[in-house]
Amino acid sequence: MPIVYHCFGGAHSSPIAAAIHLGMLPLDRIPPPEAIRGVPHFDATPSDQWGMLLPMGQDAHGHAVFVMGHGPHARVALQALLDGYRLGGGDPEQLMVVDTLRCVNVWMRLGGYLSRRLGLVRLGRPLVIWGTRRAYPRLASLVRQTVARCGATHAAGRPRP
């Protein structure tokens, strides 16, 4: 079952959720800033990659995990994703699409805007990392729910609830 974590830009909350899912970041504690900064695609996805599935890895149960930014057109991008999956012969019921925006706080939004939109990386990145650490428990909870829904277990070996 492919799993797609998505958010506005595909640069902050969705890569962090995917990294938690894959065991790159811990599920049970807030990682240090340098660990967050080291997540693939974190604060690096340009807007010309919105709508693209960016592979993050495969979980312990063989589920391919992706991130996707959709910009201001979430509904259109997600519908295109589901229709493309269907045209490719897949059953959309077997594609798990997870919205990470509900976990984002104002610090992540402001830092992400400064860094990705305005190019003020030196100002925005520390702010978005600070906000990500504050939002981390919500992101970890979302990943727990996702793992339970897809019938997988966390890469660290936690049993399915």
Side-chain angles (χ1 to χ4, degrees), residues 1-47 49-50 53-72 74-75 77-78 81 95-118 120-161:
M1 169 184 288
I3 301 165
V4 179
Y5 288 99
H6 69 92
C7 63
F8 186 88
H12 301 111
S13 61
S14 60
I16 294 299
I20 296 169
H21 185 108
L22 293 168
M24 295 175 189
L25 293 174
L27 188 59
D28 58 349
R29 59 186 156 73
I30 299 171
E34 56 272 8
I36 290 172
R37 203 174 12 255
V39 169
H41 308 295
F42 184 80
D43 201 39
T45 307
S47 60
Q49 291 187 352
W50 287 349
L53 292 176
L54 305 176
M56 287 289 288
Q58 195 169 44
D59 72 13
H61 297 275
H63 303 292
V65 177
F66 300 89
V67 299
M68 184 180 85
H70 47 65
R75 191 179 60 77
L78 295 174
L81 172 66
L95 177 66
M96 184 167 295
V97 180
V98 182
D99 182 4
T100 61
L101 267 178
R102 61 184 157 149
C103 300
V104 172
N105 57 37
V106 68
W107 305 111
M108 291 180 75
R109 290 181 193 275
L110 180 59
Y113 181 79
L114 291 169
S115 180
R116 305 311 315 147
R117 179 71 80 157
L118 300 181
L120 301 172
V121 177
R122 290 184 65 173
L123 180 61
R125 185 168 292 166
L127 192 56
V128 78
I129 289 172
W130 192 82
T132 298
R133 296 187 79 225
R134 287 343 170 247
Y136 200 85
R138 289 192 308 269
L139 288 162
S141 177
L142 178 64
V143 170
R144 278 189 200 95
Q145 294 167 19
T146 301
V147 168
R149 280 180 38 214
C150 71
T153 57
H154 185 260
R158 289 179 182 268
R160 186 172 69 187

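- The OH atom of Y136 sits 13.0 Å away from atom OG of S13, with the distance rounded to the nearest 0.5 Å.
- For the pair D99/L78, no side-chain contact is recorded, criterion being any heavy-atom separation below 4.5 Å from C-beta on.
- Looking at S115, its side chain never comes within 3.5 Å of a backbone N or O of L120 through a donor-acceptor pair.
- In this structure, W107 places its CH2 atom where only 12 or fewer heavy-atom neighbours from other residues, nucleotides or ligands lie under 6.0 Å away.
- Annotation: side chain of P33 is in contact with side chain of R133 (closest heavy-atom distance under 4.5 Å).
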Start with the C-alpha gap between L110 and L114, add the side-chain angles, then the distance that decides, and say whether side-chain contact (heavy atoms from CB on, under 4.5 Å) holds.
CA-CA 6 Å; L110 180 59; L114 291 169; 4.2 Å; yes

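- Nearest heavy atom pair, residue A135 against residue M108, reads CB-SD, 3.7 Å.
- Heavy atoms only, all atoms of each residue included: P126 and V121 are closest at CD-O, 3.7 Å.
- Looking only at side-chain heavy atoms (C-beta outward), C150 and H61 stay at 4.5 Å or farther from each other.
- What you find for A18 and V65 is that their closest heavy atoms are CB-CG1, 3.7 Å.
- The two residues A17 and L139 have their closest heavy-atom pair at CB-CD2, 4.4 Å.
- Under the 4.5 Å side-chain criterion, counting only non-hydrogen atoms from C-beta, Q49 is in contact with L54.
- With hydrogens and angles ignored, the 3.5 Å screen pairs no side-chain donor or acceptor of R116 with any backbone N or O of G9.
- Taking NE2 of H12 as the start and OG1 of T45 as the end, the distance is 8.0 Å to the nearest 0.5 Å.
- The cationic atom of R134 (NZ for Lys, CZ for Arg) lies less than 6.0 Å from the six-membered ring centre of W130 and within 45° of the ring axis.
- Between the CD1 atom of I36 and the CD atom of E34 there is a distance of 9.0 Å, given to the nearest 0.5 Å.
- Contact check for P72 versus F8: side-chain heavy atoms found under the 4.5 Å cut-off.
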Evaluation steps, side-chain contact (heavy atoms from CB on, under 4.5 Å), between L142 and R102:
CA-CA 9 Å; L142 178 64; R102 61 184 157 149; 2.6 Å; yes

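- Closest approach of V67 to G10, counting heavy atoms only: CG2-O, 4.4 Å.
- Checked by atom type and distance alone, the side chain of T132 pairs as donor or acceptor with a backbone atom of V128 at under 3.5 Å.
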Test side-chain contact (heavy atoms from CB on, under 4.5 Å) applied to H21 and M56, step by step
CA-CA 10 Å; H21 185 108; M56 287 289 288; over 6 Å; no

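- In this structure the side chain of V104 never reaches within 4.5 angstrom of the side chain of T100, judged on heavy atoms.
- When atom types are taken as modelled, the side chain of H63 and the backbone of M1 share a donor-acceptor pair closer than 3.5 angstrom.
- Looking at R117, its side chain never comes within 3.5 Å of a backbone N or O of G112 through a donor-acceptor pair.
- Residues L95 and L81 form a side-chain contact, since some pair of their non-hydrogen atoms from C-beta on lies under 4.5 Å apart.
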Test side-chain contact (heavy atoms from CB on, under 4.5 Å) applied to L123 and L118, step by step
CA-CA 10 Å; L123 180 61; L118 300 181; over 6 Å; no

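- Rounding to the nearest 0.5 angstrom, the gap separating the OH atom in Y5 from the CE atom in M96 is 8.0 Å.
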